[in-house]
A.B. asks: 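Below you will find the structure I want to go over with you.
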Amino acid sequence: MLTLLQFIVAKLTTNFNAIADLIKASPAFLYADGRFNEKQMQKQQIRIEDLYAKVRKHGMSSLDEVEAIVLKGNGSLSIVKKEEDSSKETLRGIKE
């Protein structure tokens, strides 16, 4: 029964974007353009200290090296390193 329900939900989310938006969590910026998104951080109950720790874990000593910090749909954090002449193509579709 559970397998059947999972199959149905997978089919619906694949074929209907509105249903996918309701069921699946979408990524969100926690830090971008040199600013923290405090509204999103409060909503997700993430502290600034947690973000600093994640940046240090990626071997960066300053937020000046960070383009963005993204909370992914699965709940993990992704650090996007700032690089010269880099495209921001992979950051499209992430809500503010």
Side-chain angles (χ1 to χ4, degrees):
M1 183 69 171
L2 188 56
T3 304
L4 177 63
L5 182 59
Q6 185 178 11
F7 176 77
I8 292 169
V9 169
K11 277 293 195 184
L12 288 174
T13 57
T14 302
N15 295 327
F16 301 101
N17 288 335
I19 293 174
D21 291 342
L22 288 173
I23 294 175
K24 293 184 178 182
S26 57
F29 283 114
L30 298 179
Y31 176 85
D33 298 324
R35 294 175 298 165
F36 288 100
N37 185 342
E38 292 183 23
K39 181 180 176 184
Q40 194 63 242
M41 290 171 62
Q42 286 176 352
K43 180 179 175 185
Q44 302 298 332
Q45 299 179 349
I46 296 176
R47 301 175 309 143
I48 289 176
E49 292 81 11
D50 299 330
L51 300 181
Y52 283 134
K54 189 70 169 182
V55 169
R56 286 191 304 272
K57 187 175 181 180
H58 276 77
M60 295 176 238
S61 60
S62 170
L63 289 176
D64 292 335
E65 301 175 54
V66 177
E67 182 74 39
I69 302 174
V70 178
L71 177 65
K72 297 190 290 187
N74 65 2
S76 65
L77 293 174
S78 178
I79 307 294
V80 180
K81 189 174 182 178
K82 194 180 284 185
E83 297 180 15
E84 289 183 33
D85 301 326
S86 66
S87 170
K88 296 183 181 181
E89 183 176 348
T90 60
L91 299 178
R92 277 193 283 187
I94 299 174
K95 65 182 177 181
E96 292 291 325

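Just so it is clear, the model here is predicted, and its values are computed rather than measured.
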A.B. asks: To the nearest 0.5 Å, how far apart are NE2 in H58 and NZ in K81?
C.D. replies: 10.5 Å

A.B. asks: Test your reading of the model: is there a side-chain donor-acceptor pair from N74 to the backbone of S76, 3.5 Å cut-off?
C.D. replies: yes

A.B. asks: To the nearest 0.5 Å, what is the distance between CD1 on I46 and NZ on K54?
C.D. replies: 10.5 Å

A.B. asks: So L71 and L77, side chain to side chain contact (heavy atoms under 4.5 Å, CB included) or not? Walk me through it.
C.D. replies: CA-CA 5 Å; L71 177 65; L77 293 174; 3.8 Å; yes

A.B. asks: Just verifying a value: how many Å separate L30 CG and E38 CD, rounded to the nearest 0.5 Å?
C.D. replies: 11.5 Å

A.B. asks: Among L51, D50, I69, whose side-chain contact (heavy atoms from CB on, under 4.5 Å) with M41 holds?
C.D. replies: L51

A.B. asks: Among V55, I48, L63, which residue meets the side-chain contact (heavy atoms from CB on, under 4.5 Å) test with Y31?
C.D. replies: L63

A.B. asks: Taking a hydrophobic cluster as the set of Ile, Leu, Val, Met, Phe, Trp and Tyr residues connected by side-chain heavy atoms closer than 4.5 Å, whether directly or through intermediates, do V66 and F36 fall within one such cluster?
C.D. replies: yes

A.B. asks: In Å and rounded to the nearest 0.5 Å, what is the CZ to CD distance from F29 to E67?
C.D. replies: 8.5 Å

A.B. asks: Rounded to the nearest 0.5 Å, what's the gap from CD on E49 to CZ on R47? Could you check?
C.D. replies: 5.0 Å

A.B. asks: Can you tell me how far the CG atom of N17 sits from the CG atom of L12, to the nearest 0.5 Å?
C.D. replies: 12.0 Å

